[in-house]
Protein chains: 2
Amino acid sequence: MVSLKDIANECGVSVATVSKSLNDLNDVGQETKDRVREAAKKLGYFPNSSARTLKTNRSYNIGVLFVDEAQSGLTHDYFAHVLDSFKRTVEAQGYDITFINSRHNNNMSYLEHSRYRGVDGVVIACVDFFDPQVMDLIRSQLPVVTIDHVFDYRIAVLSDNIQGMHDLVEYVCDKGHRRIAYIAGDDTSVTKNRVGSFYRSLEKREISIPDEYLMYSTYRNPDLAYLKTKELLALPVPPTCIMYCDDYSALGGINAIREAGLSIPDDISVVGYDGSYIARILDPKLTTLKQDTERIGRVAAEKLIHLIENPKTTLIQRMVIDGELLEGGSVADLN
Amino acid sequence: MVSLKDIANECGVSVATVSKSLNDLNDVGQETKDRVREAAKKLGYFPNSSARTLKTNRSYNIGVLFVDEAQSGLTHDYFAHVLDSFKRTVEAQGYDITFINSRHNNNMSYLEHSRYRGVDGVVIACVDFFDPQVMDLIRSQLPVVTIDHVFDYRIAVLSDNIQGMHDLVEYVCDKGHRRIAYIAGDDTSVTKNRVGSFYRSLEKREISIPDEYLMYSTYRNPDLAYLKTKELLALPVPPTCIMYCDDYSALGGINAIREAGLSIPDDISVVGYDGSYIARILDPKLTTLKQDTERIGRVAAEKLIHLIENPKTTLIQRMVIDGELLEGGSVADLN
DNA sequence: CGTTTTAACTTAAACGTTTTCAATTGTCAT
DNA sequence: ATGACAATTGAAAACGTTTAAGTTAAAACG
């Protein structure tokens with residue numbers, strides 16, 4: 001490893017001068033700067049992030065807490081896309097990311113792990129937001145941005161589930177549907193928002209639905225959605241349109257519907273959520289609400305970096321990111 | 001930040017003794033050890049990885065090079081699963097992962113970035129393996145494991161594409177098919193293996209197919225697969241079974257087939273690859289070859305860690321990981 | 001010309017560890 | 001009592017940086 005000292009020797013100057021030259025500080029002569037930089041290149045010098053971090057308390061490393069039931073958000077379609085965009089954005093600014101986990105190894109908590117690695121800030125998504133360990137992190141001094149969940153005194157980036165649900169309900173109603181069912185996801189704040197918006201949007205159109213039309217399932221669980229769909233189809237007065245909490249669940253529902261000998265959208269209409277890849281390649285294309293994962297990840301990154309680089313910032317923001325309704329062919333026009 | 005010094009003060013011993021106590025070295029009295037450990041817990045001490053890395057040249061950090069065309073393997077289903085398993089395995093052993101990228105920021109190469117972050121080793125997958133930057137990394141002194149590509153003198157973990165393709169062809173032939181087409185992926189070593197195995201397996205069964213039955217598409221590109229499928233269907237003598245390079249592509253093909261008014265599997269049979277989630281929730285279920293992403297990621301992690309912790313190891317291994325044929329309902333029995 | 005200012009550079013301490021080596025004690029066999 | 005040995009501890013250097021404070025010489029000023 002070639003270090004500042006090697007360059008200093010090569011150039012016959014002190015280590016300090018080398019450091020200042022490379023960091024382009026203004027109390028070193030232009031000529032020396034040039035000489036130093038040339039030598040650095042010649043010797044193949046690259047800085048050592050550990051030494052730098054140790055000295056400056058800035059790691060240019062961002063912690064990512066993406067933990068779902070399966071322990072990792074990586075295989076979670078929605079969050080993988082958000083993370084991808086987040087990663088791209090921070091990398092463009094010279095940051096790297098490190099996954100924060102709680103290692104039973106030497107039982108570090110999330111917060112301890114964050115400190116251990118000296119991350120400059122943390123983005124939190126896709127976790128059990130009531131986990132005491134998460135709360136510790138939230139209450140810490142670290143810069144934090146959360147995704148899809150609001151905490152007091154913390155910046156949050158939120159997919160607009162209320163508007164999204166509203167758009168979908170409006171769309172379905174416009175198509176003439178009145179018997180609309182919703183198979184919702186787990187009991188999270190996202191789900192609460194969507195269910196609330198579902199009811200309010202129907203009310204606005206003066207549509208009332210029986211209690212059985214609202215069912216609870218689990219996100220990304222086509223098997224359970226399949227069962228719930230069967231229940232809906234078996235009702236004395238089944239819905240004409242079923243909305244699902246995500247596209248994967250919708251696929252489970254579609255199977256149940258087809259198995260019952262019904263066709264989509266002629267006999268029954270189907271709506272998904274997420275605007276994931278599969279929605280576009282199903283036949284008929286699934287009408288769904290595309291969440292703007294690219295923007296969510298990017299904005300989260302921008303806000304977090306801003307917070308890191310302007311520590312005195314005290315402005316608590318709620319960034320609400322619009323989705324976009326993708327019209328497929330899965331909803332029949334009853335008009 | 002509470003450091004060793006704070007504990008030393010608290011206990012009235014030297015920093016050296018504290019360090020040795022916490023690392024459980026054997027030249028410090030049991031009684032002192034206990035006292036030190038207690039104080040450490042009381043003060044809420046956690047080590048500083050930067051300082052440790054600086055001193056020991058061991059970061060317990062592993063570089064991950066997962067770069068596809070879209071710049072990141074995160075949204076790539078197959079690699080996301082491999083990475084997830086890899087991550088899980090290394091974390092259980094106290095390692096973290098850092099994504100290696102080439103930052104145009106200060107134009108660090110992959111190798112330079114790896115050194116900058118002081119990673120203990122690197123896993124490489126999902127890249128253009130002929131990129132000069134990748135070659136630099138391969139030729140470096142760093143411990144490296146590659147996935148799905150073989151380099152001399154480097155450990156590789158490989159999904160058994162040859163056997164996998166063979167299994168699929170055998171299965172299809174056993175079902176009585178003789179006119180079998182394959183829509184292959186990009187020109188990579190994976191593709192070469194599969195295409196080679198496709199032909200050899202057919203030969204073994206003494207089946208010959210027209211040249212037009214082999215087409216080249218792109219991985220995870222249902223739109224292109226859709227077009228290629230149309231071409232196949234338009235042939236004077238179309239195939240009775242079409243095999244696709246992945247499940248997503250198969251989905252594109254399925255749409256083309258249905259659009260042509262044909263039904264699966266009665267009129268034409270379809271086979272995918274990967275065993276991804278969608279294969280299981282399609283109707284009919286897609287017959288596909290499930291790659292053992294869990295095992296691939298785990299073995300890559302194990303081998304890499306072993307290499308890191310036993311630097312003198314010189315054994316170059318090729319770990320070939322079996323897949324598993326998942327039988328769906330997408331292949332007709334012609335017997 | 002003497003004084004102050006500025007520019008260019010160096011010294012040295014510090015960040016939090018690990019690790020070598022030396023120092024101090026106590027124990028035990030002779 | 002003496003020397004040898006083991007057990008325990010501490011001092012200090014080192015890893016590669018950054019940075020506050022200090023030094024020197026030249027330039028600017030009145």
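Every chain is numbered from 1 and lettered A, B, ... according to where its sequence line falls, protein lines coming before strand lines. Any value given below was found using the heavy atoms of this structure, including those in side chains, with hydrogens, waters and symmetry copies removed.
Among the heavy atoms of the strands lying under 4.0 Å from B:T32 are primed sugar atoms or P, OP1, OP2 only; no base atom is included. B:T56 comes within 4.0 angstrom of the backbone, heavy atoms only, and of no base.
Taking atom CE of B:M1 as the reference point, atom P of C:dG16 lies 7 Å away to the nearest angstrom. Distance B:K5 NZ to C:dT17 C1': 12 Å, rounded to the nearest Å. In this structure, CZ of A:R117 is placed 17 Å from P of C:dG16, rounded to the nearest angstrom. Per the geometry, CZ belonging to A:R115 stands 13 Å off P belonging to C:dT17, to the nearest Å. Counting to the nearest Å, the P atom of C:dT18 and the CG atom of B:N57 are 13 Å from each other. Atom CD1 in B:I7 sits roughly 11 Å away from atom P in C:dT18 (whole-Å rounding). One atom, CG of B:N48, and another, P of C:dA14, lie 17 Å apart when rounded to the nearest Å. Regarding A:L4, its CG atom lies at a distance of 15 Å from the C1' atom of C:dT10, rounded to whole Å.
Heavy-atom contacts from other residues, nucleotides or ligands closer than 6.0 Å to CD of A:Q30 number more than 12.
Contact annotation: A:Y116 side-chain N/O to C:dT17 OP1/OP2 distance is not under 4.0 Å. Close to D:dG16, at under 4.0 Å from its OP1 or OP2, lies no side-chain N or O of A:R52.
In this structure a side-chain-to-backbone donor-acceptor pair under 3.5 Å is missing from B:D96 to B:N61. A side-chain donor-acceptor contact under 3.5 Å links A:S49 to the backbone of B:Y116. A:D6 places a side-chain N or O within donor-acceptor distance of the main-chain N or O of A:S3, the cut-off being under 3.5 Å.
Contact between B:A51 and A:L54 at its shortest, heavy atoms only, is CB-CD1, 3.8 Å. Residue A:C11 comes nearest to A:A39 through the heavy atom pair SG-CB, 3.5 Å, listed as atom of the first residue, atom of the second, then distance.
The terminal axes of the helix from C:dC1-D:dG30 to C:dT30-D:dA1, fitted over 5 pairs per end, subtend an angle of 50° to the nearest 10°.
Ion pairing between a basic and an acidic side chain is recognised when a charged N comes within 4.0 Å of a carboxylate O; A:R37 and A:D24 show such pairing.
There is a side-chain donor-acceptor pair under 3.5 Å between A:D148 and A:Y78.
Annotation: side chain of B:P143 is in contact with side chain of B:L304 (closest heavy-atom distance under 4.5 Å).
Within residues 17-31 of chain A, the residues that place at least one heavy atom under 4.0 Å from DNA chain C are, in residue-number order, A:T17, A:K20, A:D27, A:V28, A:G29.
Evaluation of the salt bridge (charged side-chain N to carboxylate O under 4.0 Å, His left out) rule for B:R298 yields B:E294, B:E302 as partners, not counting sequence neighbours.
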Only distances under 3.5 Å count here; give the side-chain donor-acceptor pairs of residues 151-160 of chain A to other protein atoms, sequence neighbours excluded, each with its distance to 0.1 Å.
from	atom 1	to	atom 2	distance (Å)
A:R154	NE	A:I138	O	3.0
A:R154	NH1	A:L142	O	3.0
A:R154	NH2	A:I138	O	2.9
A:R154	NH2	A:S140	O	2.8
A:R154	NH2	A:L142	O	3.0
A:S159	OG	A:Q291	OE1	2.5
A:D160	OD1	A:I162	N	3.4
A:D160	OD1	A:Q163	N	3.0

Could you pull out all donor-acceptor pairs under 3.5 Å where a side-chain atom in residues 129-136 of chain B meets a protein atom, sequence neighbours excluded?
from	atom 1	to	atom 2	distance (Å)
B:D131	OD1	B:Q133	N	2.8
B:Q133	OE1	B:Y110	N	3.0

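Comparing C:dT19, C:dG16, D:dG16 against the side chain of B:A16 picks out C:dT19 as the nearest. Side chain of B:S14, nearest nucleotide from C:dT17, C:dA14, D:dA11: D:dA11.
If A:P47 and B:K55 are placed on DNA chain D by their nearest nucleotide, the residue sitting closer to the 5' end is B:K55.
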Tabulate protein N/O versus nucleotide N/O from nucleotides 26-28 of chain D, keeping only pairs under 3.5 Å, one per line.
none

